Amino acid sequence: MGLRRRDFVKAGLAAGATALAGSGAIRGTPLPAPAPPATSGKPVRPVAICSANGLAAVERAMERLRAGEDTLDAAIAGVNLVEDDPEDITVGYGGLPNERGVVQLDSSVMHGPSRNAGAVASLENIRHPSRVAQVVMKRTDHVLLVGPGALEFARLHGFKEENLLTEKSRKIFLYWKETLSGKDDWFTSAEELEDPDLRKYIRTYGTINLNVVDTAGDLSGVTTTSGLFFKIPGRVGDSPIIGAGLYVDNDTGACGATGRGEAVILTCGSHSVVTRMAGGESPEQACLGALQKIVDWSQAPALLDADGRPNFNVKFYAVNKRGEYGSAAIWSNSRYAVHDGSEARLRDCAYLFKRA
Ligand code: ASP
């Protein structure tokens with residue numbers, strides 16, 4: 001098997017370090033040995049944890065883990081169900097479009113055992129951005145491809161192009177466009193104006209994040225989304241940003257995020273949760289700690305309610321190498337999906353503030 005450039009560079013560095021160490025040429029204190037992983041070889045219970053739209057996804061991911069599949073393949077197989085689902089208007093096929101009516105998808109994947117990641121942003125016409133992200137990880141020396149470059153890459157790898165805008169998402173988009181302002185030439189019908197199914201999607205978010213650990217303690221995660229509804233074309237959220245919408249450290253744990261991506265990017269949200277777990281916090285404590293930072297950092301008046309609290313939500317979903325898991329949100333009444341080997345179920349997230 002040929003070495004990729006990155007392997008070659010890594011192999012070269014390792015050989016160089018060995019040579020220097022052997023010659024006694026390195027002065028000063030030797031580097032400490034790396035800390036042992038949290039579970040030194042002990043089997044753990046397999047877990048799949050996901051945003052609340054992923055009940056079927058955790059079921060499928062667990063089936064794949066039980067069949068001995070690689071952790072990342074299992075996680076991606078889970079979210080593919082939701083990317084395919086036209087009823088989920090936050091992800092993949094049927095996702096809500098940008099302000100020009102074009103569906104632009106963001107996704108990232110991170111594979112714990114190989115300590116590698118791949119991502120795509122503003123990808124159009126491909127319903128499984130998570131699979132394209134995995135190909136970026138496996139078949140390039142890069143981590144993130146965006147826009148037309150990402151689409152061209154997907155095409156070259158045989159992904160099929162299609163129109164991702166369903167009738168449902170087109171109607172919701174048109175309603176938004178037609179009711180945006182009284183000072184333009186777009187009019188809505190009286191009938192549609194009263195339709196509660198069309199009215200509720202003003203400035204909303206939605207995404208799927210799924211993280212898994214298998215019995216060997218190996219971890220992987222994936223996040224995939226159509227992002228902020230009616231966003232400015234080219235806007236990229238946290239989902240394809242490694243460390244923001246997803247982070248996996250195979251020595252510690254995995255975490256992903258949903259909700260207001262800008263707040264997650266600014267605080268390196270998922271990385272911060274995994275770092276807190278490495279410092280000894282439980283997954284739930286770590287999620288709450290990272291959310292508190294988001295609250296502390298949200299100071300723009302447009303982002304605050306009358307009591308000075310964020311007027312948006314963010315949720316984190318975390319699992320550690322021992323198979324302990326937890327999820328938390330800024331606001332109560334938030335849920336997540338989990339399969340911990342017994343059954344797939346929805347559970348309440350811990351939270352910082354109780355909704356009235
Ligand atoms: N975090 C996603 C974004 O900002 C949206 C979401 O999770 O609802 O694009």
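Read the numbers this way: they start at 1 and go in the same order the structure lists the ligands and their atoms. Below, each value reflects all heavy atoms present in this structure, side chains not excepted, and no hydrogens, waters or symmetry copies. What you see is a predicted model; the values in this text were computed from it and never measured.
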Practice prompt. Give the numbers and elements of all ligand 1 atoms closer than 4.0 Å to a heavy atom of G227.
Written response: 9 (O)
Discussion item. Could you walk me through whether E99 and K231 satisfy the side chain to side chain contact (heavy atoms under 4.5 Å, CB included) test, starting with their C-alpha distance in whole Å, then the side-chain angles of each, then the deciding distance to 0.1 Å, before giving a yes or no?
Written reply: CA-CA 5 Å; E99 68 176 20; K231 59 194 173 187; over 6 Å; no
Worksheet item: S51 versus K315: any side-chain heavy-atom pair under 4.5 Å?
Response: no
Discussion item. Any heavy-atom pair between the side chains of N311 and R309 that's under 4.5 Å?
Written reply: no
Worksheet item: When only distance counts, is A257 in polar contact with ligand 1, meaning an N/O pair under 3.5 Å?
Response: no
Worksheet item: With only distance considered, is G237 within less than 3.5 Å of ligand 1 through an N or O on each side?
Response: no
Worksheet item: Does K231 come within less than 4.0 angstrom of ligand 1, counting non-hydrogen atoms of the residue?
Response: no
Discussion item. When you measure from the heavy atoms of G206 to every atom of ligand 1, does any distance fall below 4.0 Å?
Written reply: yes
Discussion item. Counting only heavy atoms, tell me which of I208, V314, T207 gets closest to atom 7 (O) of ligand 1.
Written reply: T207
Worksheet item: What atoms in ligand 1 come closer than 4.0 Å to a heavy atom of D238?
Response: 1 (N), 2 (C), 3 (C), 4 (O)
Discussion item. Against P97, only a single residue in L165, I89, L164 fulfils side chain to side chain contact (heavy atoms under 4.5 Å, CB included); can you say which?
Written reply: L165
Item to complete: Run the numbers for me: atoms of ligand 1, each under 4.0 Å from some heavy atom of L228, listed by number.
Response: 9 (O)
Worksheet item: So how far is it from S220 OG to L210 CG, rounded to the nearest 0.5 Å?
Response: 10.5 Å
Worksheet item: K321 versus N250: any side-chain heavy-atom pair under 4.5 Å?
Response: yes
Worksheet item: Would S130 and N80 count as having a side-chain donor-acceptor pair, cut-off 3.5 Å?
Response: yes
Worksheet item: Can you list the ligand 1 atoms lying under 4.0 Å from a non-hydrogen atom of T258?
Response: 7 (O)
Worksheet item: Does an N or O from R260, backbone or side chain, lie closer than 3.5 Å to an N or O of ligand 1?
Response: no
